[in-house]
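Both counts, for ligands and for their atoms, begin at 1 and track the order of listing. This structure is a prediction, so every number in the text was calculated from the model and none was measured.
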Amino acid sequence: MSANAKTTFENFLHQHDEEAWAASLTDLLRSVHEVDRNATQIWFRFYPLSLWRALNEATDAEGLAKQLLMQGTYYLKDQIDSSHKFLYGHRYWPEVKKAVEEHAASFQTSENAKLPDEVRRVAAAVAARVKADESLLIGITAVAFMTLVQAGLAAFKAAPGAMSIDKKHAKKTPAAVLEERAKDDSQGLFGFLKTVDKDWTVTYDEADARARFKLINTEELASAAARDRSQDWRARDARCIEGPIPVECRSASCGTCWVGVLGGAEKLTDVSVREGKNIKEFGYIETNEPKPIIRLACMAQATGAVSIVIPPWNGVFGKFLKAQESIETPAATTETVSSNGVGN
Ligand code: FES
């Protein structure tokens, strides 16, 4: 086989478009442990297949990335072992990576194969090996499959396969993680008398005890992050001009400050009309839910402790992908218009 030829397993994975992956994910989520249910969905929002395909198929990927105002580390091939650090299942990454490679090598035919079943098969094998519940392995295995798609098998195999959280955090049980996520800061003996001056902890890396900042009740996440002067944020990430959350416009116009919400989504204010409209245009999430798992940190105000994840990149690609989609499926669009009598 030539260096660029794809294996049967890669070809099988590549047969699935964004819609097929979304359907598979919906199926799998029922079996994903609560500790990783939001995390798995957030990860798939952070690394959309359709965006990767657009870049991969572009004659000038760099030019397209510029056009889509993309900044930061957006390719999975550059973060094969680390993009999923916020999943509980990340602690099993070395075994999951190895099992996916073995599965790719032994996969004979895609006839009758179904994506969710393949994910479950690998997850079950790893669960038996590491003696953990299968529900803890399904999310990270789905992530591994998509990482393989976007990075390619050769790069996937070449990555060291290291887990990047310390032993203390790796030992935490799912129940302990969920309990920490659900906990609100005590407001002291007379806390019940406090109104506006309550403060809350925002955690932005559950595996790092220092990765948290304080937020004054009803403050936006990004404003609170800006007060954190504990590090040279810009040295860590050029997009961080103040605090750990990258910001630019502070008014829902640029999309720089998007975050995933692992825990406490219900303690954030409802998505405003402006946030809801723009977050779709940026391409981050397509939903009308009032408290979704993806938010703009310059808009979302907290009334309790929350746990968030900060993606390593940002861009404005929603409109571009929608336009591409309508070029690729003109027949389907015409059909919808004629059968409903109205356009969607
Ligand atoms: S900083 Fe521009 S959208 Fe939040």
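- A centroid separation of less than 6.0 Å is found between the aromatic rings of W258 and F46.
- Close contacts of ligand 1 with E248, meaning ligand atoms under 4.0 Å from a residue heavy atom, involve 1 (S).
- Residue Y284 is grouped with residue L64 when hydrophobic side chains (ILVMFWY) are merged at heavy-atom distances under 4.5 angstrom, including chains of intermediate members.
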Show your reasoning for whether ring pair (Phe, Tyr, Trp, His ring centres under 6.0 Å) applies to Y204 and F86.
-> CA-CA 9 Å; Y204 57 89; F86 59 91; over 10 Å; no
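- Put simply, the angle at atom 4 (Fe) of ligand 1 from SG in C257 to SG in C298 is close to 100°, to the nearest 10°.
- Here C249 does not reach atom 4 (Fe) of ligand 1: none of its N/O/S atoms is less than 2.8 Å from the metal.
- With a heavy-atom cut-off of 4.0 Å, S253 touches ligand 1 through its backbone alone.
- Shown in contact with G255 at under 4.0 Å from a heavy atom are these atoms of ligand 1, numbered in order with element: 2 (Fe), 3 (S).
- Because the distance cut-off is set at 2.8 Å, C254 fails to qualify as a neighbour of atom 4 (Fe) of ligand 1, as none of its N, O or S atoms comes that close.
- Heavy-atom proximity to A252, at under 4.0 Å, picks out these atoms of ligand 1: 3 (S).
- For the residue pair E206/S307, the side-chain donor-acceptor check at 3.5 Å is satisfied.
- For ligand 1, the atoms closer than 4.0 angstrom to any heavy atom of R250 are 1 (S), 2 (Fe).
- The side-chain heavy atoms of H16 and V149, taken from C-beta on, include no pair separated by under 4.5 Å.
- Results of the side-chain hydrogen bond (donor to acceptor under 3.5 Å, both in side chains) test with S164 over R91, H84, H90 single out H90 as the only residue that passes.
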